[in-house]
Asks: 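Below is one structure. I have some questions about it.
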Amino acid sequence: MMTAAAAAMPAVPITPIATFRGEPVLELPHDLYIPPDALEVFLETFEGPLDLLLYLIHKHNLDVLEIPMARLTAQYLEYVELMRQKSLELAGDYLVMAAVLIEIKSRMLLPRAPAAAAESDPRAELMRRLLAYEQMKLAAQRLDALPQAGRDFALVQVLIEPSAGRALPGVRSEDLHQAWLWLLMRASVSQHHRVTRDQLSVREHMTQILRRLHDARFLEFTQLFSPELGIAKLVVTLLAILELARETLIEVTQQEPYSPIYVKLTHGLTVV
């Protein structure tokens, strides 16, 4: 029979292990199937013993600077024991940390001499490593949150072909010289013995040539000259053609050596 003292003791509340559809689950179902690799998958989510310790500290709302070593060590050893039974290779690093926790717990249980009162806390090194690891983990999470190529956006590559440079007129200086001598010969044949004073303008001849090319599109080199007007006109016309070519307003071309030389407006040029 129950004694009066036992009946008077308050009932200890049972903490549910899970919640299913709003209802607390107090014990595991007898027909619950746990895959053999479930523990291995769970443990592989941690990056090492410090990561597992941080998980336990945050899970139970513990203070990193005031670690209850007995409680934390007991919870950690439960995970490590399951890990050791499943895969000893996977539990290697975790067993080393378990030894460190047991050592710290033992040192805290030992009585201290009055002379050692000022000795540092046995948990100090562990707390320093945990705080440093937590800072690095948070920094890694902030870096991972930044946009990454291939994950958050795609790189676009554009091929820009270099524009072809303007080719110089394919005219040999020898052919141009021969054409000029031929024009001088024609001018000397039709030369008149008249003394006149004409005001010749290179710019005016440049304008005249541009207008003629605008109407005809292209002309043979000799068609731009009028030998019957004298050598002075020929010189001014030649200077006008050379100046237009220098300013890339016209193009002077020929198909092959010793072939006729042609003059045409530069592509896209409009004469008003």
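Treat the numbers as computed from the prediction; the structure is a model and nothing was measured.
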Asks: Search all heavy atoms of Tyr76 against all heavy atoms of Pro49 and return the closest pair with its distance.
Replies: OH-CB, 3.5 Å
Asks: Listed by chain and number, what are the salt bridge (charged side-chain N to carboxylate O under 4.0 Å, His left out) partners of Arg203, not counting sequence neighbours?
Replies: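 Glu247.
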Asks: Looking at Ala240 and Ile209, what are the two nearest heavy atoms and their distance?
Replies: CB-CD1, 3.8 Å
Asks: Rounded to the nearest 0.5 Å, what separation is found between the CG atom of Leu77 and the CE atom of Met97?
Replies: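 Leu77 CG to Met97 CE: 12.0 Å, rounded to 0.5 Å.
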Asks: Check for me, please, whether Leu213 and Leu239 land in the same ILVMFWY cluster - side-chain distances under 4.5 Å, paths through other members count.
Replies: yes
Asks: Could you state the interatomic distance from CD1 (Ile261) to OG1 (Thr222), rounded to the nearest 0.5 Å?
Replies: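 The OG1 atom of Thr222 is 9.0 Å from CD1 of Ile261, to the nearest 0.5 Å.
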Asks: Which value, rounded to the nearest 0.5 Å, describes the distance between Met136 atom CE and Leu143 atom CG?
Replies: 9.0 Å
Asks: Do Leu210 and Ile250 have side-chain heavy atoms sitting under 4.5 Å apart?
Replies: yes
Asks: Is the shortest heavy-atom distance from the side chain of Thr207 to the side chain of Arg211 under 4.5 Å?
Replies: yes
Asks: If you define the side chain from C-beta out and look only at heavy atoms, does anything of Thr237 sit under 4.5 Å from Gln208?
Replies: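 In short, these two side chains do not touch, never coming nearer than 4.5 Å.
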Asks: Would you list the atom pairs, donor with acceptor, under 3.5 Å between side chains in residues 144-153 and any protein atom, with sequence neighbours excluded?
Replies:
residue	atom	partner	partner atom	Å
Asp144	OD1	Gln148	NE2	3.4
Asp144	OD1	Arg151	NH1	3.1
Arg151	NH1	Asp144	O	3.1
Arg151	NH2	Asp144	O	2.7
Arg151	NH2	Leu146	O	3.0
Asp152	OD2	Gln148	N	2.9

Asks: What is the distance from atom CD of Glu78 to atom CG of Leu56, rounded to the nearest 0.5 Å?
Replies: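 If we round to the nearest 0.5 Å, Glu78:CD and Leu56:CG are 9.5 Å apart.
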Asks: Taking the side chain as everything from C-beta on, heavy atoms only, tell me whether Gln254 gets closer than 4.5 Å to Tyr262.
Replies: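 Side chain of Gln254 against side chain of Tyr262, heavy atoms only: no contact under 4.5 Å found.
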Asks: Heavy-atom distance under 4.5 Å between the side chains of Leu176 and Phe221, does that happen here?
Replies: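 In short, these two side chains touch, coming nearer than 4.5 Å.
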Asks: NE2/His214 to CG/Leu265 distance, rounded to the nearest 0.5 angstrom?
Replies: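 One gets 7.5 Å once the value is rounded to the nearest 0.5 Å.
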Asks: Could you state whether Leu242 and Val202 fall into the same hydrophobic cluster, counting links through intermediate Ile, Leu, Val, Met, Phe, Trp or Tyr residues with side-chain heavy atoms under 4.5 angstrom apart?
Replies: yes
Asks: Please table the atom pairs, donor to acceptor, closer than 3.5 Å between any side-chain atom in residues 126-134 and protein atoms at least two apart or in another chain.
Replies:
residue	atom	partner	partner atom	Å
Arg128	NE	Glu125	OE1	3.3
Arg128	NH2	Glu125	OE2	2.5
Glu134	OE2	His58	NE2	3.1

Asks: Less than 4.5 Å apart, any side-chain heavy atom of Lys105 and any of Leu72?
Replies: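 Contact flag for Lys105/Leu72 side chains = no.
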Asks: When you measure from the side chain of Thr73 to the backbone of Ile102, do you find a donor-acceptor pair of N or O atoms at a distance under 3.5 Å?
Replies: no
Asks: According to a 4.5 Å side-chain heavy-atom criterion applied to Ile, Leu, Val, Met, Phe, Trp and Tyr, with indirect links allowed, do Leu138 and Leu53 form part of one hydrophobic cluster?
Replies: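 No: no chain of side-chain contacts under 4.5 Å links Leu138 to Leu53.
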Asks: With sequence neighbours left out, write down each residue that passes side chain to side chain contact (heavy atoms under 4.5 Å, CB included) with Trp180, or none if nothing qualifies.
Replies: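 Side chain to side chain contact (heavy atoms under 4.5 Å, CB included) check on Trp180 returns Leu183, Leu184, Phe225, Leu234, Val235, Leu238.
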Asks: Glu103: what forms a salt bridge (charged side-chain N to carboxylate O under 4.0 Å, His left out) with it, not counting sequence neighbours?
Replies: none
Asks: Using side-chain heavy atoms (C-beta onward) and a distance below 4.5 Å, is Glu251 in contact with Val263?
Replies: no
Asks: Could I get the full list of side chain to side chain contact (heavy atoms under 4.5 Å, CB included) partners for Gln135, not counting sequence neighbours?
Replies: none
Asks: What's the spacing between Met69 CE and Arg107 CZ if we round to 0.5 Å?
Replies: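 Going from CE on Met69 over to CZ on Arg107, the span is 10.5 Å.
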Asks: Answer yes or no: is there a donor N or O on one side and an acceptor on the other, between the side chain of Gln223 and the main chain of Glu220, under 3.5 Å?
Replies: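 Flag set: sc Gln223 to bb Glu220 pair under 3.5 Å.
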Asks: Given side-chain contact (heavy atoms from CB on, under 4.5 Å), test Lys59 with Gln75 step by step and report yes or no.
Replies: CA-CA 11 Å; Lys59 178 181 178 182; Gln75 294 173 354; over 6 Å; no
